[in-house]
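Below: one structure, written as structure tokens.
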Amino acid sequence: MCIFGQKTISATLQQQDSLAVDHFEGMDNFGASYMIQDNILMKKKDSKEWQYNNLQLGEITSVDILNPLKITLFYADFNTVIILDNTLNEIKRIDFNVIGEFKNLAAATTATDRNLWVFDTNTQQLEVFNYVQEKTPIQNLPIPEKFITQKSNYNYCRILTETTLYTYNIYGSLLTQQEVTGVTEFSMTNTEVIFLKEKKLYYTFEEDVYLINLPSDRIDIKQFSLHNDILYIYDGIVLYQFQLKKPTKE
């Protein structure tokens, strides 16, 4: 059964700022913001700014700022992951074309210390990969559907396909499978997931899913993320910050 229902929650606009970048990546736990402009990763906090540029590896596929001290940067065209420190200096480079067991990655995101969640298109499997030992201690069963994207934190990884959202824990166990046909993107915390479906955002609370009522239906949602109970939405011109009125159990 599809999880999307008719319940709603409200979102109150707290702040909006003009922003001219190609992609807004989000905020970290130290109040720094991350964005991509002209294929350059930028980090800003107060009056300080840092940049990371590596045009030799092609377009940046994804940026994971879960751990601001070890940022995971993935370049799909060159099958390579770069680990950056908090000033965007390169700590580690993992070229999956030359490691012992070749992997062709669709995604790579942060897991526990020295580990990555990676999705290998050769096997259609989600793996926990130790990039220091270059070994795979945990490997899940193949997913027989077209991979769209993945998001993760230290405890969980979620895989979105054309029809389903799979949730795994760090031990490799498949926890849930949810039907999410039509979903094109999502954002997550430990317990919450926000889905983008047909230009509308939906928020999960325990087993319920709520349509987020934004003050305006004319916001063109290009990127979104949830951090410290603030929903960030970027439309390519303006960065909006909304406070969600979360539901409570009766």
Taking the side chain as everything from C-beta on, heavy atoms only, tell me whether V63 gets closer than 4.5 Å to I71. yes
F74 to A106 - nearest heavy-atom pair and separation: CE2-O, 3.5 Å
If every non-hydrogen atom of F102 is compared with every non-hydrogen atom of D120, which pair is closest and at what distance? O-OD2, 4.3 Å
With rounding to the nearest 0.5 Å, note down the distance linking OG1 in T136 to CD in Q133. 10.5 Å
Do side-chain atoms of T80 reach the backbone of F78 as a donor and acceptor pair under 3.5 angstrom? yes
Can E185 and F224 be said to form a side-chain contact (heavy atoms from CB on, under 4.5 Å), step by step? CA-CA 9 Å; E185 184 58 276; F224 62 95; 3.9 Å; yes
Would you say the side chains of T121 and N104 form a donor-acceptor pair under 3.5 Å? yes
In terms of side-chain heavy atoms, does T109 have a donor or acceptor partner in Q150 at a distance below 3.5 Å? yes
Between Y34 and D28, does any side-chain donor sit less than 3.5 Å from a side-chain acceptor? yes
Would you mind reporting whether L226 and Y203 have side-chain heavy atoms less than 4.5 Å apart? yes
Can you tell me if NZ on K92 sees more than 12 non-hydrogen neighbours from other groups inside 6.0 Å? yes
Dump the intermediate steps for salt bridge (charged side-chain N to carboxylate O under 4.0 Å, His left out) on R93 and D95, then the final yes or no. CA-CA 6 Å; R93 178 177 300 211; D95 184 347; over 6 Å; no
Scanning both residues in full, the closest heavy-atom pair of S225 with F24 reads OG-CE2, 4.5 Å
Short side-chain donor-acceptor distance under 3.5 Å, E59 and Y75: no
Side-chain donor-acceptor pair under 3.5 Å between Q223 and Y232, yes or no? no
ILVMFWY network linking Y52 to F30, side-chain heavy atoms under 4.5 angstrom: no
Determine the minimum heavy-atom distance between D22 and D38, stating which atoms define it. OD2-N, 2.8 Å
Evaluate side-chain contact (heavy atoms from CB on, under 4.5 Å) for I237 paired with L19, printing each intermediate quantity in order. CA-CA 5 Å; I237 301 172; L19 183 64; over 6 Å; no
Do V183 and L160 come within less than 4.5 Å of each other through their side chains, counting heavy atoms only? yes
Taking the side chain as C-beta and beyond, is there a heavy-atom pair between L73 and I60 under 4.5 Å? yes
Treating Ile, Leu, Val, Met, Phe, Trp and Tyr as nodes and any side-chain heavy-atom pair under 4.5 angstrom as an edge, say whether Y166 and V193 lie in one connected cluster. no
Quick one: do D64 and K151 make a salt bridge, cutoff under 4.0 Å? no
Considering all heavy atoms, the nearest T164-Q177 contact: CG2-CB, 4.0 Å
Would you please classify the geometry between the F96 ring and the F129 ring as parallel, tilted or perpendicular, with 30° and 60° separating the classes? tilted
Got I221 and L196 here, is their nearest side-chain heavy-atom distance under 4.5 Å? yes
Group every Ile, Leu, Val, Met, Phe, Trp and Tyr by side-chain heavy-atom contacts under 4.5 Å, then state whether V118 and I138 land in the same group. no
CD1 on I65 to CG on N86, rounded to 0.5 Å: 13.0 Å
Verify same cluster id: M35, V238 (apolar side-chain graph, 4.5 Å): no
Hey, are the side chains of T12 and K245 touching, using non-hydrogen atoms and a 4.5 Å cut-off? no
Stepwise salt bridge (charged side-chain N to carboxylate O under 4.0 Å, His left out) check, K70 with D85: CA-CA 5 Å; K70 291 184 178 180; D85 68 12; over 6 Å; no
Minimum side-chain heavy-atom gap Y210-T204 below 4.5 Å: no
Might you work through the side-chain contact (heavy atoms from CB on, under 4.5 Å) test for L201 and F242, ending with a clear yes or no? CA-CA 12 Å; L201 293 177; F242 294 97; over 6 Å; no
Salt bridge (Lys or Arg N to Asp or Glu O under 4.0 Å) with R114: which residues, sequence neighbours excluded? none
Is any NZ, NE, NH1 or NH2 atom of the basic residue among E127 and K103 found under 4.0 Å from an Asp or Glu carboxylate oxygen of the other? yes
Rounded to the nearest 0.5 Å, the OH atom of Y154 sits from the OG1 atom of T112 at a distance of 9.5 Å
Any chance the side chains of E145 and T163 put a donor and an acceptor closer than 3.5 Å? yes
Distance-only polar pair, side chains of Q243 and Q14, donor-acceptor under 3.5 Å: no
Per the side chain to side chain contact (heavy atoms under 4.5 Å, CB included) rule, which among I148, L165, V209 passes with V180? L165
Taking all non-hydrogen atoms of both residues, which atom of Y156 and which atom of L175 are closest, and how far apart? CE2-CD1, 3.5 Å
Flag for N53-Q51: side-chain donor and acceptor within less than 3.5 Å: no
Output the distance between atom CG (N79) and atom CG (N97), rounded to the nearest 0.5 Å. 4.5 Å
Between F119 and F147 (judged by ring centroids, cut-off 6.0 Å), do the two rings come close enough to count as a pair? yes
Is there a side-chain contact between I83 and L116 in this structure, where contact means two heavy atoms from C-beta onward sitting under 4.5 Å apart? yes
Just verifying a value: how many Å separate T87 OG1 and W50 CH2, rounded to the nearest 0.5 Å? 8.0 Å
With distance as the sole test, does N153 use its side chain to make a donor-acceptor pair with the main-chain N or O of N155 at under 3.5 Å? yes
Please check if atom CD in E134 has more than 12 non-hydrogen atoms from other residues, nucleotides or ligands closer than 6.0 Å. yes
Say whether, by atom type as modelled, one donor and one acceptor occur between the side chain of K43 and the main chain of S33 under 3.5 angstrom. no
Let me confirm one number: the CD1-OG1 distance from I143 to T123, rounded to the nearest 0.5 Å. 9.5 Å
Got a sec: does the CG of L69 have more than 12 other heavy atoms crowding it under 6.0 Å? yes
Starting from I82, can I reach L88 by hopping between I/L/V/M/F/W/Y residues whose side chains sit under 4.5 Å apart? yes
Walk me through it: do L214 and I233 pass the test side-chain contact (heavy atoms from CB on, under 4.5 Å)? CA-CA 10 Å; L214 298 174; I233 298 178; 3.9 Å; yes
